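Owing to the predicted nature of the structure, the values given are computational and were not obtained by experimental measurement. We count residues from 1, following the sequence as given.
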Amino acid sequence: MGLFSKFFSGLQKTQSKLSGELKRIVSRSPKFTEDNAEELEAVLLASDMGFAVTEQIVDAVREQYQSSGGQAGDVLQVAQSVVETSLGSDDEQTKRLAKRDDLTVVSLVGVNGAGKTTTAAKLANRVKTEGANPMLAACDTFRAAAIEQLNLWGNRLDIPVVSSEYGADPASVAHDAVKSALRKGSDYLFIDTAGRLHTKHNLMRELEKLHRVISTNSKGGPHETLLVVDASIGSNALSQAREFNKSVPLTGLVITKLDGTSKGGMVVAIQNELDLPVKFIGLGEQADDLQPFSPTEYARALFFQE
């Protein structure tokens with residue numbers, strides 16, 4: 001399956017709602033009225049597109065509608081163009097994880113249920129298919145199932161996992177994992193951290209401690225800190241990103257579960273309002289369903305016309 005097909009398939013819930021409603025609104029009247037504008041705004045905000053980009057789309061659609069008689073196809077193209085522009089170019093560098101001559105440590109952070117454990121495994125699998133030698137570390141020692149889950153992924157993908165017992169000190173596990181990865185000549189070490197609410201300051205301090213241990217043992221690691229966000233929470237992801245970024249500076253975001261929500265516009269809001277690149281998006285449950293983010297393909301998939 002090609003990249004666009006994956007994006008289109010994964011974003012179908014958002015796409016069908018956005019395109020269908022947009023066509024319905026603009027095809028009703030030969031003029032673009034304020035009622036039309038309010039309806040269009042409501043639809044875009046319901047997909048969590050964000051206020052700034054929503055206003056840009058409404059203004060561009062109004063102008064296009066007035067100049068072309070409101071052809072629905074043209075309007076969808078206008079919306080696609082606005083979204084693509086707001087997301088920036090398809091910069092290959094933003095899709096790649098930092099690559100060092102020695103070990104690159106990647107920390108996955110976020111709240112409970114965002115999909116950090118699965119994302120760690122899928123990222124490790126991605127770099128392995130590209131020829132790198134990855135390792136996984138089960139530093140979520142508060143959830144026994146997380147340790148078991150990561151070990152199952154490791155066995156399935158033939159990727160080594162460093163883990164300990166339930167209740168062990170996460171920083172100690174991270175220390176052992178870095179030492180093991182360096183000793184075995186791994187290219188990447190993916191750290192699965194425990195889920196924590198960004199409002200719980202004691203847990204955020206614990207995460208800072210874990211990162212200090214990693215830094216001490218891996219020449220300034222973690223070299224990537226990726227916030228894993230569940231797409232279904234929509235615009236709430238913005239506050240999560242802001243608060244996590246205060247404690248552990250983020251290098252990018254991974255948006256998971258986009259295939260199960262109609263709030264796919266939240267990717268636009270996040271990238272538009274925060275100075276953080278969306279590096280990967282999750283479009284399914286299989287190991288290869290985590291895809292590098294492409295603004296062009298994403299915008300096409302949101303407003304695709306049969």
Please tabulate, one pair per line, all N/O donor-acceptor pairs under 3.5 Å involving side-chain atoms of residues 166-181, not counting sequence neighbours.
unit_1, atom_1, unit_2, atom_2, d
Asp169, OD1, Ala171, N, 3.2
Lys179, NZ, Asn217, OD1, 3.4

Practice prompt. Please list, chain by chain and in numerical order, all residues satisfying salt bridge (charged side-chain N to carboxylate O under 4.0 Å, His left out) with Lys184, sequence neighbours excluded.
Written response: none
Practice prompt. Keeping the roles fixed (side chain from Thr117, backbone from Ala146), state whether a donor-acceptor pair exists under 3.5 Å.
Written response: no
Worksheet entry | N/O donor-acceptor pair under 3.5 Å between Ser247 side chain and Phe244 backbone | no
Worksheet, complete the sentence: What one should report as the nearest heavy-atom pair of Pro222 and Ile214 is N-CG2, 3.6 Å
Practice prompt. Kindly say whether Thr104 contributes a backbone atom to a donor-acceptor pair with the side chain of His223 at under 3.5 angstrom?
Written response: no
Practice prompt. Could you pull out all residues at least two apart from Ala60 that satisfy side chain to side chain contact (heavy atoms under 4.5 Å, CB included)?
Written response: Val78, Val82
Worksheet item: With hydrophobic residues grouped by side-chain heavy-atom distances under 4.5 Å, do Leu87 and Leu227 end up in a single group?
Response: yes
Worksheet entry | Side-chain touch Leu226/Thr251, heavy atoms, less than 4.5 angstrom | yes
Response to the item:
CG of Leu250 to CG of Asn245, rounded to nearest 0.5 Å, is 4.0 Å
Fill in: Residue pair Val268 / Met49: nearest heavy atoms and the distance that separates them
CG2-SD, 3.5 Å
Item to complete: Supply the atom-to-atom distance Ser81 OG to Leu76 CG, rounded to the nearest 0.5 angstrom.
Response: 12.5 Å
Practice prompt. Group every Ile, Leu, Val, Met, Phe, Trp and Tyr by side-chain heavy-atom contacts under 4.5 Å, then state whether Val267 and Leu276 land in the same group.
Written response: yes
Item to complete: Report yes if the distance between the aromatic ring centroids of Phe280 and Phe293 is under 6.0 Å, otherwise no.
Response: no
Discussion item. Does any part of the side chain of Phe303, heavy atoms only, come nearer than 4.5 Å to the side chain of Leu22, both counted from C-beta?
Written reply: yes
Worksheet item: About how many Å separate CH2 of Trp153 and CG of Asp158, when rounded to the nearest 0.5 Å?
Response: 14.0 Å
Response to the item:
By salt bridge (charged side-chain N to carboxylate O under 4.0 Å, His left out), Glu165 pairs with (sequence neighbours left out) none
Worksheet item: Considering residues at least two apart in sequence or located in another chain, which fulfil the side-chain hydrogen bond (donor to acceptor under 3.5 Å, both in side chains) criterion with Ser86?
Response: none
Fill in: Separation between CG of Asn112 and CG of Asp230, rounded to the nearest 0.5 Å
11.5 Å
Worksheet item: Which residues pass the side chain to side chain contact (heavy atoms under 4.5 Å, CB included) test with Ala37, sequence neighbours left out?
Response: Phe32, Glu34, Val58, Arg62
Fill in: Cluster check Leu182, Leu210: I/L/V/M/F/W/Y, side chain < 4.5 angstrom
yes
Worksheet item: Among all residues two or more places apart in sequence or in another chain, which pass the salt bridge (charged side-chain N to carboxylate O under 4.0 Å, His left out) test with Glu39?
Response: Arg24, Arg28
Discussion item. Can a donor-acceptor pair be found, under 3.5 Å and without considering hydrogens, that links the side chain of Ser215 to the backbone of His211?
Written reply: no
Practice prompt. Under the side-chain hydrogen bond (donor to acceptor under 3.5 Å, both in side chains) rule, what do Thr118 and Gln149 come out as? Steps first, then yes or no, please.
Written response: CA-CA 8 Å; Thr118 300; Gln149 184 184 4; 3.2 Å; yes
Worksheet item: Are the charged groups of Glu224 and Lys279 less than 4.0 angstrom apart, N to O?
Response: yes
Worksheet, complete the sentence: Taken in chain and number order and not counting sequence neighbours, the residues that satisfy side-chain hydrogen bond (donor to acceptor under 3.5 Å, both in side chains) with Ser163 are Asn151
Discussion item. Looking at every non-hydrogen atom in both residues, tell me the closest pair between Thr256 and Thr119 and how far apart they are.
Written reply: CG2-OG1, 3.6 Å
Fill in: Gap separating the CG atom of Leu150 from the CG atom of Leu136, nearest 0.5 angstrom
5.0 Å
Practice prompt. Could you state whether Val106 and Ile191 fall into the same hydrophobic cluster, counting links through intermediate Ile, Leu, Val, Met, Phe, Trp or Tyr residues with side-chain heavy atoms under 4.5 angstrom apart?
Written response: no
Worksheet item: With a 4.5 Å limit on heavy-atom distance, are the side chains of Pro292 and Arg126 in contact?
Response: yes
Item to complete: Could you tell me which residues satisfy side chain to side chain contact (heavy atoms under 4.5 Å, CB included) with Asn133, sequence neighbours excluded, listed by chain and number?
Response: Ser186, Asp187
Worksheet item: What is the minimum heavy-atom distance between Ala124 and Phe190, and which atoms define it?
Response: CA-CE1, 3.5 Å
Fill in: salt bridge (Lys or Arg N to Asp or Glu O under 4.0 Å): pairs with one or both residues in residues 104-123, sequence neighbours excluded
none
Worksheet item: Is there side-chain contact between Gln80 and Leu302, with at least one heavy-atom pair below 4.5 Å?
Response: no
Worksheet item: So does Glu243 pair up with Lys246, basic N to acidic O under 4.0 Å?
Response: yes
Worksheet item: Just how far is it from atom CG of Asp102 to atom OG of Ser218, taken to the nearest 0.5 Å?
Response: 8.5 Å
Worksheet item: Residues two or more places apart in sequence or in another chain: which of them pass salt bridge (charged side-chain N to carboxylate O under 4.0 Å, His left out) with Glu208?
Response: Arg205
Practice prompt. Following the transitive rule for hydrophobic clusters with a side-chain heavy-atom cut-off under 4.5 Å over Ile, Leu, Val, Met, Phe, Trp and Tyr, establish whether Leu290 and Met135 coincide in one cluster.
Written response: no
Worksheet entry | Main-chain N/O of Ser107 paired to Thr225 side chain as donor or acceptor, under 3.5 Å | no
Worksheet item: Val228 and Leu108: which non-hydrogen atoms are nearest, and at how many Å?
Response: CG2-CD1, 3.7 Å
Worksheet item: Taking only residues two or more places apart in sequence or in another chain, which ones pass side-chain hydrogen bond (donor to acceptor under 3.5 Å, both in side chains) with Asn155?
Response: none
Discussion item. Can you confirm whether Phe142 sits close enough to Asp140 that some side-chain heavy atom of one is under 4.5 Å from a side-chain heavy atom of the other?
Written reply: yes
Practice prompt. Decide side chain to side chain contact (heavy atoms under 4.5 Å, CB included) for Ile57 and Val53; before the verdict, give the C-alpha distance in whole Å, the side-chain angles of both, and the deciding distance to 0.1 Å.
Written response: CA-CA 6 Å; Ile57 292 175; Val53 176; 4.0 Å; yes
Discussion item. Any non-hydrogen side-chain atom of Leu103 less than 4.5 Å from a side-chain atom of Tyr188?
Written reply: no
Worksheet item: So, for Ala121 and Leu157, which heavy atoms are closest and what is the spacing to 0.1 Å?
Response: O-CD1, 3.5 Å
